[in-house]
Amino acid sequence: MAATARALELVQAAAAAADARKAEDILALDVSAHLPLSDAFVIASASNERQVAAIAEAVEEELHRHGAKAIRREGVREGRWALLDFNDVIVHVMHDEERGYYELERLWKDCPVIELQLGE
């Protein structure tokens, strides 16, 4: 099983919004074969709490323009690990320290990486 076309569209939109807000180390993983609740994860990091919150808000606004609404949002106010659940796609915006500690990439290392189309 692979991520749906809709999920891939949302992944690209979320990654672009995060990139526009200067998120670092943006990564997308196709988790559809391992997680029945979602097709993909987008993981991004930032160096401070305000930037984490700004990135999360920008992602939410952009995906809303694509017709997706977050069914769950956690940690945005605290700015350490913001989780935005759009059903098909789950976006994790993490403070650098949390990203290094939890190492989501290592936990989901068996999942294929989704190539992102970002303006470098």
Side-chain angles (χ1 to χ4, degrees):
M1 184 173 205
T4 65
R6 173 69 173 156
L8 294 175
E9 172 193 344
L10 295 178
V11 162
Q12 294 298 335
D19 187 52
R21 291 288 182 178
K22 308 294 185 215
E24 300 167 357
D25 300 322
I26 304 168
L27 174 72
L29 300 172
D30 182 338
V31 297
S32 60
H34 300 281
L35 187 65
L37 302 174
S38 185
D39 282 353
F41 282 176
V42 175
I43 307 168
S45 54
S47 59
N48 63 64
E49 289 86 355
R50 291 182 70 192
Q51 190 179 12
V52 168
I55 293 165
E57 289 172 9
V59 167
E60 192 167 14
E61 288 172 10
E62 182 61 27
L63 292 193
H64 189 265
R65 282 192 275 279
H66 285 263
K69 183 174 187 216
I71 58 172
R72 189 175 70 176
R73 88 195 278 276
E74 298 178 14
V76 175
R77 187 172 299 166
E78 294 83 5
R80 299 298 294 182
W81 182 347
L83 183 142
L84 304 170
D85 184 349
F86 295 92
N87 204 24
D88 293 336
V89 175
I90 297 175
V91 179
H92 302 269
V93 183
M94 306 173 82
H95 190 284
D96 289 334
E97 293 170 2
E98 269 65 18
R99 179 123 180 223
Y101 181 78
Y102 289 102
E103 294 183 351
L104 291 182
E105 299 90 333
R106 184 182 57 78
L107 292 173
W108 295 95
K109 68 181 179 211
D110 294 337
C111 297
V113 173
I114 298 170
E115 186 175 335
L116 297 173
Q117 308 298 318
L118 300 176
E120 308 260 337

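Sequential numbering from 1 along the given sequence is applied to the chain's residues.
Side-chain contact between Arg73 and Glu57 is present, with at least one heavy-atom pair separated by less than 4.5 Å.
In this structure, Leu10 is not a member of the same hydrophobic cluster as Ile71, with clusters built from ILVMFWY side-chain heavy atoms closer than 4.5 Å. Hydrophobic clustering (side-chain heavy atoms under 4.5 Å, transitive across Ile, Leu, Val, Met, Phe, Trp, Tyr) groups Phe86 together with Val42. Residues Val52 and Ile26 are members of one and the same hydrophobic cluster, defined by side-chain heavy-atom contacts under 4.5 angstrom among Ile, Leu, Val, Met, Phe, Trp and Tyr. Leu104 and Leu27 fall within the same hydrophobic cluster, defined by Ile, Leu, Val, Met, Phe, Trp and Tyr side-chain heavy atoms under 4.5 Å apart, directly or through other members. Placement of Leu107 and Leu29 within a single hydrophobic cluster is found when ILVMFWY residues are connected by side-chain heavy-atom separations under 4.5 Å, directly or transitively.
The two residues Val31 and Ala40 come nearest to each other via the heavy atoms CG2-N, 3.8 Å. Closest of all the heavy-atom pairs between Gln117 and Gln12 is N-OE1, 2.8 Å. Closest approach of Leu84 to Ala56, counting heavy atoms only: CD1-O, 3.4 Å. Taking each heavy atom of Ala14 and Leu63 in turn, the nearest pair found is N-CD2, 3.8 Å. Pairing each heavy atom of Asp85 with each of Asn87, the nearest pair is OD1-N, 2.8 Å.
Contacts of Arg6 classified as side chain to side chain donor-acceptor pair (under 3.5 Å), with partners at least two apart in sequence or in another chain: Glu9. Partners of Glu105 according to the side chain to side chain donor-acceptor pair (under 3.5 Å) rule, which considers only residues two or more places apart in sequence or in another chain, are Arg99. Remark: Leu8 engages Ala3, Ile114 in a side-chain contact (heavy atoms from CB on, under 4.5 Å) (not counting sequence neighbours). Every side chain to side chain donor-acceptor pair (under 3.5 Å) that Trp81 has, sequence neighbours left out, goes to His92. For Arg50, there are no side chain to side chain donor-acceptor pair (under 3.5 Å) partners at least two apart in sequence or on another chain.
Rounding to the nearest 0.5 Å places CD of Glu49 at 4.5 Å from CZ of Arg80. Separating the CD1 atom in Ile55 from the CG atom in Asp19 is a distance of 9.5 Å, to the nearest 0.5 Å.
Annotation: salt bridge (Lys or Arg N to Asp or Glu O under 4.0 Å) contacts involving residues 110-119, sequence neighbours excluded, are absent.
Counting only distance, with no hydrogens or angles, the side chain of Gln51 and the backbone of Arg21 share a donor-acceptor pair below 3.5 Å. For the pair His95 (side chain) and Glu97 (backbone), a donor-acceptor distance under 3.5 Å is present. For the pair Ser45 (side chain) and Asp96 (backbone), a donor-acceptor distance under 3.5 Å is absent. Panel note: side chain Glu24, backbone Ser47; no donor-acceptor pair is recorded below 3.5 Å.
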Kindly determine whether Ile43 and Trp108 satisfy side-chain contact (heavy atoms from CB on, under 4.5 Å), including the steps that lead there.
CA-CA 11 Å; Ile43 307 168; Trp108 295 95; 5.9 Å; no

Could you go through the side-chain hydrogen bond (donor to acceptor under 3.5 Å, both in side chains) check for His64 and Glu60 one step at a time? CA-CA 6 Å; His64 189 265; Glu60 192 167 14; over 6 Å; no

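Around the NE2 atom of His34, the shell of radius 6.0 Å holds more than 12 heavy atoms that belong to other residues, nucleotides or ligands.
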